[in-house]
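First comes the structure, then the notes that go with it.
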Amino acid sequence: NDLSMDVLENLFTDLNNMGVEDVLFTGGEVFLRDDLLQILKLAEKKSIKGTIITNGTILNNEVFDFLLQNNWNIVFSIDGCADVHDMIRGKGNFDKSTKSTNYCFDIRKKLNSSSKIFCNFVVQSQNIKQIPEFSNFIKNQEFDYVVLDLPSFFQRKLSEEGIADFKSIISDYLSGKLSYNKLFDSE
């Protein structure tokens with residue numbers, strides 16, 4: 001039951017009247033909407049910009065071009081290196097996601113866009129031990145920020161071992177045994 005364009009137009013008008021300038025588009029997967037570009041243009045018409053969260057599996061050059069030309073932010077959900085990400089999100093999805101991120105990195109450069117491109121890593125029992133390895137992948141990417149998203153224990157429950165691993169990684173970082181550069185710096 002997607003919102004109609006009329007409802008969205010009224011919503012964007014109301015948000016604009018309240019002084020809202022930034023919104024977060026999330027789903028499910030926002031790229032499943034065939035009219036996503038039309039929705040984004042409608043938001044822009046109402047002086048609203050924002051951020052889109054996507055898994056990046058649907059490469060839509062026209063939408064990505066619009067986002068980057070108009071300085072929207074894009075958050076890609078990537079939950080590990082290829083094997084672990086695909087185990088969590090489905091076979092072949094890591095390659096699809098990285099194809100989209102690489103496209104966005106290239107277009108952002110060409111346009112000299114001020115868009116920020118984020119990686120959101122949802123910490124789970126299946127991927128927690130891969131954080132150091134994942135940091136090596138991140139070093140070779142052009143993400144502006146990497147978010148370690150620790151889900152609410154009301155929604156998902158990490159195993160005791162996963163919690164202990166996460167605490168150990170954070171403890172090593174805080175004590176100086178593991179530097180920020182080793183985790184997520186792109187240098």
Side-chain angles (χ1 to χ4, degrees), residues 1-80 82 84-124 127 138 141-156:
N1 293 349
D2 291 337
L3 297 176
S4 70
M5 290 304 289
D6 289 337
V7 169
L8 287 167
E9 183 168 12
N10 290 335
L11 176 63
F12 293 146
T13 298
D14 289 346
L15 291 171
N16 179 277
N17 290 339
M18 291 186 288
V20 174
E21 298 173 354
D22 293 306
V23 295
L24 176 65
F25 285 81
T26 186
E29 173 53 49
V30 294
F31 279 82
L32 289 174
R33 284 213 50 164
D34 294 333
D35 58 352
L36 179 59
L37 185 58
Q38 186 179 355
I39 293 168
L40 296 171
K41 288 180 177 179
L42 180 60
E44 282 273 330
K45 183 178 163 189
K46 302 293 182 178
S47 301
I48 294 175
K49 290 190 181 285
T51 301
I52 286 209
I53 299 177
T54 178
N55 60 30
T57 58
I58 301 171
L59 179 60
N60 185 322
N61 296 357
E62 190 176 15
V63 172
F64 283 132
D65 290 350
F66 176 86
L67 293 169
L68 295 165
Q69 287 166 356
N70 292 286
N71 300 311
W72 285 63
N73 298 319
I74 306 169
V75 178
F76 288 96
S77 298
I78 302 177
D79 296 328
V84 172
H85 179 83
D86 283 355
M87 177 187 64
I88 294 168
R89 295 199 176 249
K91 186 174 168 103
N93 283 331
F94 180 83
D95 289 339
K96 291 176 186 177
S97 296
T98 55
K99 184 176 180 180
S100 292
T101 60
N102 290 331
Y103 178 83
C104 288
F105 296 147
D106 291 343
I107 296 302
R108 179 173 65 172
K109 259 188 220 160
K110 287 178 187 170
L111 296 174
N112 196 27
S113 171
S114 64
S115 293
K116 301 294 184 210
I117 302 175
F118 299 73
C119 173
N120 187 57
F121 179 96
V122 179
V123 178
Q124 305 171 50
N127 66 5
I138 290 298
Q141 303 301 305
E142 298 174 33
F143 290 109
D144 296 290
Y145 300 98
V146 176
V147 177
L148 285 178
D149 184 358
L150 187 60
S152 164
F153 287 102
F154 296 110
Q155 295 171 353
R156 295 184 195 139

Any donor-acceptor N/O pair, Arg108 side chain to Glu142 backbone, under 3.5 Å:
yes
Keeping the roles fixed (side chain from Asp149, backbone from Asn120), state whether a donor-acceptor pair exists under 3.5 Å.
no
Any side-chain heavy-atom pair from Ser100 and Phe64 closer than 4.5 angstrom?
yes
Under a 3.5 Å distance rule, please check whether Asn93 uses its side chain to pair with a backbone N or O of His85 as donor and acceptor.
no
Given 3.5 Å as the limit, does a donor-acceptor pair link the side chain of Asn16 with the main chain of Phe12, or not?
no
So Ser77 and Arg89, do their side chains get closer than 4.5 Å, heavy atoms only?
yes
Main-chain N/O of Gln38 paired with Asp35 side-chain donor or acceptor, under 3.5 Å
no
Is there a donor in the side chain of Tyr103 and an acceptor in the side chain of Asp65, or the other way round, less than 3.5 Å apart?
yes
Asn55 and Thr57 side chains, donor-acceptor separation under 3.5 Å:
yes
Side-chain touch Val23/Leu15, heavy atoms, less than 4.5 angstrom:
yes
Search all heavy atoms of Ile88 against all heavy atoms of Asp79 and return the closest pair with its distance.
CD1-O, 3.8 Å
Side chains of Trp72 and Ile74: does their closest heavy-atom pair fall under 4.5 Å?
no
Is the backbone N or O of Ile117 less than 3.5 Å from a side-chain atom of Asp144, with the two atoms forming a donor-acceptor pair by type?
yes
What closest approach, in Å, do Val20 and Ile48 show between heavy atoms, and which atom pair accounts for it?
O-CG1, 3.7 Å
If we only count heavy atoms from C-beta on, is the Leu32 to Ile58 side-chain gap below 4.5 Å?
yes
Under 3.5 Å: donor-acceptor pair, side chain of Lys116, backbone of Tyr145:
no
Is it the case that over 12 heavy atoms from other parts of the model lie below 6.0 angstrom from the CG atom of Asp34?
no
Side chains of Ser47 and Glu21: is there a donor and an acceptor less than 3.5 Å apart?
no
Between Asn71 and Ser113, do the side chains contain a donor N or O and an acceptor N or O under 3.5 Å apart?
yes
Would you mind reporting whether Val75 and Val147 have side-chain heavy atoms less than 4.5 Å apart?
no
